[in-house]
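In what follows, every heavy atom counts, from backbone to side chain, and hydrogens, waters and symmetry copies are set aside. Residue numbers begin at 1 in each chain, while the letters A, B, ... track the order of the sequences.
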Protein chains: 2
Amino acid sequence: MVKIRNMEEFAALSGISRPTVSKYFNNPDSVRATTRARIEEALGKYEYRPNIYAINQNRKLTKNIGIVVPFLADPFFAEIARTLEQNVIAAGYRPNLFGSHGNSDVELEVLDSLRSLKPAGVLLAPLGRSSDKLEIEKFCRDVPTVLFDSNLGGIGEAFIGSDNFSFVSQTVEYLVRTGEPPIFFEMRTPANPNANKRRLAYIQMMERLGFEPHVHKIEGEGWSFEEIGRAGALKLLSDGLPASNAILCSNDRLAIGVLSACYEMGIRVGRTEDCQLRVASNDDHPFARFTCPSLTTAAHDYASVADRSVATLLEVIESGGKLASRSETLFPARLVLRDSA
Amino acid sequence: MVKIRNMEEFAALSGISRPTVSKYFNNPDSVRATTRARIEEALGKYEYRPNIYAINQNRKLTKNIGIVVPFLADPFFAEIARTLEQNVIAAGYRPNLFGSHGNSDVELEVLDSLRSLKPAGVLLAPLGRSSDKLEIEKFCRDVPTVLFDSNLGGIGEAFIGSDNFSFVSQTVEYLVRTGEPPIFFEMRTPANPNANKRRLAYIQMMERLGFEPHVHKIEGEGWSFEEIGRAGALKLLSDGLPASNAILCSNDRLAIGVLSACYEMGIRVGRTEDCQLRVASNDDHPFARFTCPSLTTAAHDYASVADRSVATLLEVIESGGKLASRSETLFPARLVLRDSA
DNA sequence: ACAAATTTTTTACGCGCGAAAACTTTTTTC
DNA sequence: GAAAAAAGTTTTCGCGCGTAAAAAATTTGT
């Protein structure tokens, strides 16, 4: 297979003028069928792909789409990033994946390096509380950005996420219906704004059902949620069992830590007679079904969030980078009953 | 802050000629200290960054380094990718992260799209058994590539990984020393060549210690190792306890599934008197300390593998893309004793 | 078959930068 | 302080492609 250096050479070999070939690569449907066929025949015969750097230098907006998640080593984000990637590719764009490593400085660095990639748009799951909102807002003014997972009020062209009230109301309702009203287990200073919404939803649901809410806040900083949850649970449970035999964790990673602590302390968790504690949670982390016992939790609608995020960003891009108004889309949770509650 | 369009304009504003400014951006140390100071002063006053596409068009090799792992949603790979990313940035390169989604076609697509990024080099953890070795070899002929985690005989400029014999010999030795000789638990058709090396190491160690090796192969395809391990363990344990009360899993993800199955069946796992089974494994997966019970396992030297991989790739790049000979570096494992064995 | 509409070709320019050559200025060396 | 070395400047070219305008060729409609 002969290698071709540039479009000029390829055009000559395919018997088509270079500007027409250029048109073809920008949109194959923009040339006549017979011309398209001749180009594609040559494409099969010779190995040629337009130089991506030369292309992007002359286009105002590239075909890149940035994907930024707060922490790539968190399987939850890895999974959603994976789905987003595939949707982006399917839409004919090139995904650029970045993780913020749980650090707001890194988050800004990522956006900065993203800026120089001149992406057509960016899908951003911000760190949340610790994010530098001013700088992110500045970024969003220059680059069409759709936020997902974690909302930063007013920033970005749209927000796609999960409905925290739907999560918590379902888990609370289920726990109450099948046993004691739960206490709510969370970090004192949660990194993510969803945590606050979940706490409020818990309180609201408990009051609506006529029970006194009981929020247990544990110490800990950073993104090692399992370890933080484990330490918090060891502390909580070492003073005897809590006020209720049901614990609702703010998220699955905390719950994984809690289950680990319970196991270590010999506390049986589950919904059967012989169990002392029930533990439920929110997110449906990829590992939730392999915890011991398997974790009852409210599942994100991964696919819908990913689909809608990409679809919305494409809308934004096609309408020139701005939307008439900032929309916020929330998808409901699906309760997944397993053995822990 | 005034925005500058190009280097010409920035050079004029900083009072330095464009070629010198260009030199500065390629290597700040290549210009005189006083000149550097003037440029950097202007850099603080005006907002300018060279256009990355124009740069890359004119350089034979870009400052991009591709990082490809078989599965990004696997925390093990996410963690190592994260570490690699940071090393690459520290070396002044720009990381491009990709996951193969456990699919060999995707793996080739990723390499293909990587090729058009004209990266200075690539760090590739191949899928393994299912990889299209011929195509990967072809890629390696064009792009300086260092393999890590999983070796593909003779392909790439070097291989950096973990010493599977070190892993298994330590876990086997420990299990034998503290109880019954273990059986080896693995997939019938492992996706990864490391699995084969581990099996052989197990057999060799058992024979050396004077015990009969006992390999238990379970069915299952794909990358859902936890689920496969769980199903395999349920099957194995439903026929009563196995030949030995010690199970050594090929990797942690299988072990997570095994522990989940044990819990479900009410089989107590651990090294204490009251336990029926001991389970150990290899990898030290990020979640291994949160399983129930926490998992005794042999830990990868993440940091060393990442450091050496990047260092080796930089050597390759600096020596013009080829190394005198293909080196294979293996790092030993560190036994991590927890509660499962 | 002929005019109109569509598509392609020709020609030419520009994007922002790397790089090389020849020349000028500044710094180093003894 | 003069010669040598180092660093900076000027000038010029080219990378591979997008894009625009005018001319030429092809297809379409009637």
ask   = What's the closest nucleotide to the Asn51(A) side chain, out of dC17(C), dC17(D), dT8(C)?
value = dC17(D)

Rounded to whole Å, how long is the line connecting atom [atom1] of [X] with atom [atom2] of [N]?
| X | N | atom1 | atom2 | result |
| --- | --- | --- | --- | --- |
| Glu9(A) | dC15(D) | CD | C1' | 14 Å |
| Arg5(A) | dC17(D) | CZ | P | 12 Å |
| Ile55(B) | dG16(C) | CD1 | P | 13 Å |
| Ile16(A) | dT10(C) | CD1 | C1' | 15 Å |
| Ile4(A) | dG16(D) | CD1 | P | 13 Å |
| Met7(B) | dG18(C) | CE | C1' | 9 Å |
| Gln57(B) | dA19(C) | CD | P | 13 Å |
| Tyr53(A) | dG18(C) | OH | P | 14 Å |

query = What do the steps show when you test Phe76(A) against Tyr302(A) for ring pair (Phe, Tyr, Trp, His ring centres under 6.0 Å), and what is the final call?
reply = CA-CA 9 Å; Phe76(A) 169 74; Tyr302(A) 282 88; 5.7 Å; yes

ask   = For the rings on Phe10(B) and Tyr24(B), is their centre-to-centre separation under 6.0 Å?
value = no

task = May I ask you to check whether Asn51(B) and Asn6(B) show a side-chain donor-acceptor distance below 3.5 Å?
result = no

Any side-chain donor near an acceptor of the partner, Ser30(B) and Asn27(B), under 3.5 Å = no

key: Euclidean distance, Leu123(B) CG relative to Leu84(B) CG, rounded to 0.5 Å   = 5.5 Å

inquiry  = Go nucleotide by nucleotide along DNA chain D from the 5' end; which of Arg38(B) and Ala54(B) gets its closest nucleotide reached first?
reply    = Arg38(B)

request  = Would you please classify the geometry between the Trp223(A) ring and the Phe71(A) ring as parallel, tilted or perpendicular, with 30° and 60° separating the classes?
outcome  = parallel

It should be established whether [X] places a side-chain nitrogen or oxygen under 4.0 Å from OP1 or OP2 of nucleotide [N].
| X | N | value |
| --- | --- | --- |
| Tyr48(B) | dC17(C) | yes |
| Thr35(B) | dG8(D) | yes |
| Ser17(A) | dT9(C) | yes |
| Asn26(B) | dG18(C) | yes |
| Asn58(B) | dG16(C) | no |

ask   = Does the dG16(C) base have a donor-acceptor partner in the side chain of Arg18(B) within less than 3.5 Å?
value = no

key: Sorted by number, the residues of residues 111-118 of chain B with heavy-atom contact under 4.0 Å to DNA chain D   = none

task = For atom CZ of Arg308(B), decide whether the heavy atoms of other residues, nucleotides or ligands shown that lie under 6.0 angstrom number more than 12.
result = no

Considering every strand and a 4.0 Å limit on heavy-atom distances, what is the contact class for [X]: base, sugar-phosphate, or nothing?
| X | value |
| --- | --- |
| Asn56(A) | nothing |
| Pro19(A) | base |
| Ser22(B) | sugar-phosphate |

message = Between Thr20(A) and Ile16(A) (side chain of the first, backbone of the second, donor and acceptor by atom type, cut-off under 3.5 Å), is there such a pair?
response = no

